[in-house]
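Predicted model, so just to flag it, every value in this text is computed and none were measured. Below, read A as the first sequence line, B as the second, and so on, with proteins coming before strands; counting in each chain starts at 1.
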Amino acid sequence: MSDIRNWLLKSEPGTYSFDRLQSEKKAVWDGVRNVEARSNLRKMKVGDVCFFYHSGEGKCVVGLAKVTREAFQDPTTKDDWSAVEIAPIGPMKKEVTLAQMKADAKLKAMSVVRKSRLSVSPVTALEFAHVLALGETAPPK
DNA sequence: GCCAACGTTGGC
DNA sequence: GCCAACGTTGGC
């Protein structure tokens, strides 16, 4: 399956929260300094839908965002790193915790569950649908 | 606060 | 090029 069209972005709410994304309407997702995360960023297409996950405080999927600009040079460095631009879609009706995802057999293989340190990770279509169901949230158009 | 996982650095 | 030491992240 190479047609990954969903992703999970992780942030500490104290550093950048989903609330802040909603009030600012968009964000440049920069500062990624991990090769695997960078390669995921570069695969994103405009319109791809991402889960927004809070690490540390919360440890849960709190909302949905979409990619509004594909990978470009990370403005915070001259080195070879990439950033994308995202915009909020809306909050999850119910937050989905890491514990819930870990406890769910269908999500055992999910990247965020297995590699908790990876800040940008792919989400399969099945995982995407299942997490939405856990969050009682309708899929975005 | 601790520890596991993982990345980076630097000595050799 | 190997590997030990160290730093960072994030879950518990």
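A salt bridge does not link A/K43 with A/D48: every distance from a Lys NZ or Arg NE/NH1/NH2 to an Asp or Glu carboxylate oxygen is 4.0 Å or more.
Non-hydrogen atoms lying under 4.0 Å from DNA chain C are contributed by nothing in residues 79-86 of chain A. Contacts between residues 50-62 of chain A and DNA chain C, defined by a heavy-atom separation below 4.0 Å, involve A/Y53, A/S55, A/G56, A/K59, listed by number.
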**OP:** Could you please spell out the steps behind the side-chain contact (heavy atoms from CB on, under 4.5 Å) verdict for A/V61 and A/M101?
**Re:** CA-CA 10 Å; A/V61 175; A/M101 294 190 275; 3.9 Å; yes
**OP:** Would you check, one step at a time, whether the test side-chain contact (heavy atoms from CB on, under 4.5 Å) holds for A/C50 with A/V67?
**Re:** CA-CA 8 Å; A/C50 310; A/V67 176; 3.9 Å; yes
**OP:** Kindly indicate, with the supporting measurements, whether the criterion side-chain contact (heavy atoms from CB on, under 4.5 Å) is fulfilled by A/K106 and A/L134.
**Re:** CA-CA 11 Å; A/K106 290 179 190 144; A/L134 287 176; over 6 Å; no
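The outermost nucleotides of DNA chain B lying under 4.0 Å from heavy atoms of chain A, listed 5' to 3', are B/dA5 to B/dG7.
The minimum heavy-atom distance linking A/R20 with A/T15 is given by the pair NH1-O, 3.4 Å.
Distance alone, capped at 3.5 Å, places no donor-acceptor pair between the A/K45 side chain and the A/R5 backbone. Under the 3.5 Å distance criterion, the side-chain polar atoms of A/D30 are left unmatched by any main-chain donor or acceptor of A/T76.
Taking A/T137 as the reference, A/L64, A/M92, A/K93, A/L132 meet the side-chain contact (heavy atoms from CB on, under 4.5 Å) condition, with sequence neighbours excluded. In this structure, A/Y53 has no ring-ring contact (aromatic ring centres under 6.0 Å, His included) partners at least two apart in sequence or on a different chain.
The salt bridge (charged side-chain N to carboxylate O under 4.0 Å, His left out) analysis of residues 75-91 of chain A, with sequence neighbours excluded, yields the pairs A/R38-A/D80, A/R42-A/D80.
Backbone-only engagement by A/K10 is indicated by non-hydrogen atom pairs under 4.0 Å involving sugar-phosphate atoms exclusively.
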